[in-house]
Amino acid sequence: MSLAIAIMAAGKGTRLKSKRPKVLHEIGGKSLLEHVIAAAAQIVLPKDIYVIVGHEAERVKASVAANEVQFVLQTEQRGTGHAIQCAREQIKGYDSLIVLSGDAPLIRPETIARMRDFHIEQQAAMTVLTACPQEPQGYGRILRRSANSPEITAIIEQKALTPDQLKIPEINSGIYAFATAPLLASLDSLQPNNSQGELYLTDMAGQLVAAGQRVVAIQSTNSTEVLGANTIAEMMQLDAAMRADATRKLMASGVTIFRPETVTIDAGVTVGADTIIEPFVQLLGQSKIGTDCRIRSYSVIENSTVADGVLVRQGCIIGDSIIDTGAMIGPYAHIRPGSEIGEGAHVGNFVETKKVKLGKGSKANHLTYLGDADIGPGTNIGAGTITCNYDGVDKHKTIIGNGVFVGSDSTLVAPISIGDGAFIGAGSCITEDVPADALALGRGRQVIKADWAKTKGPHCKVRT
Ligand code: UD1
Ligand code: CA
């Protein structure tokens, strides 16, 4: 049996009152559409996924192009039924079609698979995924043929419900399976007989039943996963649900998360067992955190790899970087893209790194900027050290060897190289390469004038 998936993503999302197309709004660190495509890709190959785009089509396409899915253009958005009409040519070669909604991002692949299997087993022309959420307001409702029957007779949109039908708790998720032949046979008969003047895909239920076809419904076991987002508030509820799910899963796998409701963890993040995450931490993008780490409050880690046993103290920002085993970072360290902090290395407060390799066991503990530098193991970078990597036009590299001691408040003017075991006196401005094991001093010599302060200094009168 050949199967395609269509994802309806052409709408503007008028109710969001946003310039950004609805399906490009993000929850859990990814756009709504990315989530739906990820679920679909667990069921069929990308070449069999058809994303129906319309409003800001080019922008929507570009945002998910990396998934190598197919696109169908719905130039004018005349309703969900019209969206599927636009995909007629693409879907006609398949036996079955699953329809997903670009604005229902929590749907799980296992639920899509369950609906597909039920659809096949029931030999239905149309199968509707339904649920009974606490708040059915706003959703289309399901009219069952009888209480215990899988068969339904129609889907009624919220605006068309009679007072009696308002009591129906079972909603339409906007997710369906169709046998393609009966779908295509009556798809063009949809009429815009509704308050919006649109072609509703939901009308296919009643229409197929009228044509003598079997239309059934299957209820999701989890009423949250079918929820759609029509407003920003609804979207943030889905975001909270997704994040709560992520922290729950991590806790079930041995991660301790204090006050999990305050922690923001993206869907692509992994965390090893016995790691402790404190309140208000954000773990974003494709970050990987090892085991036995402690990530203290207010730290934000994005697209970075943190090995085992790392301590990230309060208030650190770490992006696109690698932190090796047993390193200690922060508090208030800024680890910028391309940094590799070695095993057991220490990066302390108010230290900024960018494109830096800091060797095993090396330390940069206080008030320092290290940019475009390659620093060997066992080196100590004194407080206030600056690598002057930028000459106003180009960036240059600083190379510091093994076991080097850089005295406090030194400026290292790149390009420059400091040999293994060298010693830089505090307060030096170093502009020439320093050979291994040498002492380098680059500062004014200290002068002492005896009794000057007592006899000539501006404050000598005050001290009488
Ligand atoms: C739809 C269903 C409703 C269901 C709800 C579930 C219809 C008529 N109603 O309502 O029964 O309970 O979803 O969330 O289908 N879209 C297009 N082209 C269009 C119109 C919409 O691609 O011309 C896309 C939208 O971008 C969106 C999806 O289809 O991703 C659903 O459209 P939306 O307008 O949000 O439908 P609802 O009013 O939520
Ligand atoms: Ca919707």
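Counting starts at 1 for both ligands and their atoms, following the listed order.
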Test of proximity, [X] against ligand 1: N or O pairs below 3.5 Å:
| X | answer |
| --- | --- |
| Glu157 | yes |
| Val23 | no |
| Gly140 | yes |
| Tyr200 | no |
| Ala10 | yes |
| Gln74 | yes |
| Gly79 | yes |

Short side-chain to backbone donor-acceptor contact, [X] and [Y], under 3.5 Å:
| X | Y | result |
| --- | --- | --- |
| Gln70 | Tyr50 | no |
| Ser321 | Gly319 | yes |
| Thr180 | Asp95 | yes |
| Arg144 | Ser149 | yes |
| Thr387 | Gly371 | yes |
| Arg243 | Ile265 | yes |
| Thr264 | Gln282 | no |

So does [X] pair up with [Y], basic N to acidic O under 4.0 Å?
| X | Y | result |
| --- | --- | --- |
| Lys354 | Asp372 | yes |
| Lys22 | Asp103 | yes |
| Arg294 | Glu278 | yes |
| Lys159 | Glu157 | no |
| Asp188 | Arg88 | yes |
| Arg114 | Asp117 | no |
| Glu352 | Arg336 | yes |

In the protein, what heavy atom is nearest to [atom], and what distance, to one decimal place, separates them?
| atom | result |
| --- | --- |
| atom 30 (O) of ligand 1 | Met8 O, 2.9 Å |
| atom 12 (O) of ligand 1 | Asn172 O, 2.6 Å |
| atom 32 (O) of ligand 1 | Thr80 CG2, 3.9 Å |
| atom 13 (O) of ligand 1 | Gly174 CA, 4.4 Å |
| atom 35 (O) of ligand 1 | Asp103 OD2, 3.0 Å |
| atom 26 (O) of ligand 1 | Gly11 N, 2.9 Å |

From the candidates Ala87, Ser101, Pro21, the one that places a heavy atom nearest atom 28 (C) of ligand 1: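 Comparing heavy atoms across Ala87, Ser101, Pro21, the nearest one to atom 28 (C) of ligand 1 lies in Ser101.
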What's the spacing between His366 NE2 and Phe350 CZ if we round to 0.5 Å?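 Reported to 0.5 Å precision, the distance equals 12.0 Å.
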Atom indices of ligand 1 within 4.0 angstrom of [X] heavy atoms, with elements:
| X | answer |
| --- | --- |
| Arg78 | 23 (O) |
| Gly102 | 30 (O) |
| Tyr139 | 6 (C), 12 (O), 14 (O) |
| Lys22 | 35 (O) |
| Ala9 | 22 (O), 26 (O) |

Around the Ca ion (ligand 2), how many protein N/O/S atoms fall inside 3.0 Å?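 That number is 2, waters not included.
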For Gln219 and Thr130, which I'm curious about, is there any donor-acceptor pair between the side chains at under 3.5 Å?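 No pair is found: no donor N or O on one side chain lies under 3.5 Å from an acceptor on the other.
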Is a donor from one side chain sitting under 3.5 angstrom from an acceptor on the other, for Asp391 and His396?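 Yes, a side-chain donor-acceptor pair sits under 3.5 Å.
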Heavy-atom contact under 4.0 Å between [X] and ligand 1?
| X | result |
| --- | --- |
| Ser173 | yes |
| Gly54 | no |
| Arg15 | yes |
| Thr202 | yes |

Ligand 1 versus Asn230, non-hydrogen atoms closer than 4.0 Å: side chain, backbone, both, neither?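 Looking at Asn230 and ligand 1, just side chain atoms fall under 4.0 Å.
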Protein heavy atom under 4.0 Å of atom 1 (C) of ligand 1: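 No, there is no protein heavy atom closer to it than 4.0 Å.
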What do the steps show when you test Glu198 against His82 for side-chain hydrogen bond (donor to acceptor under 3.5 Å, both in side chains), and what is the final call? CA-CA 8 Å; Glu198 290 187 347; His82 179 244; over 6 Å; no
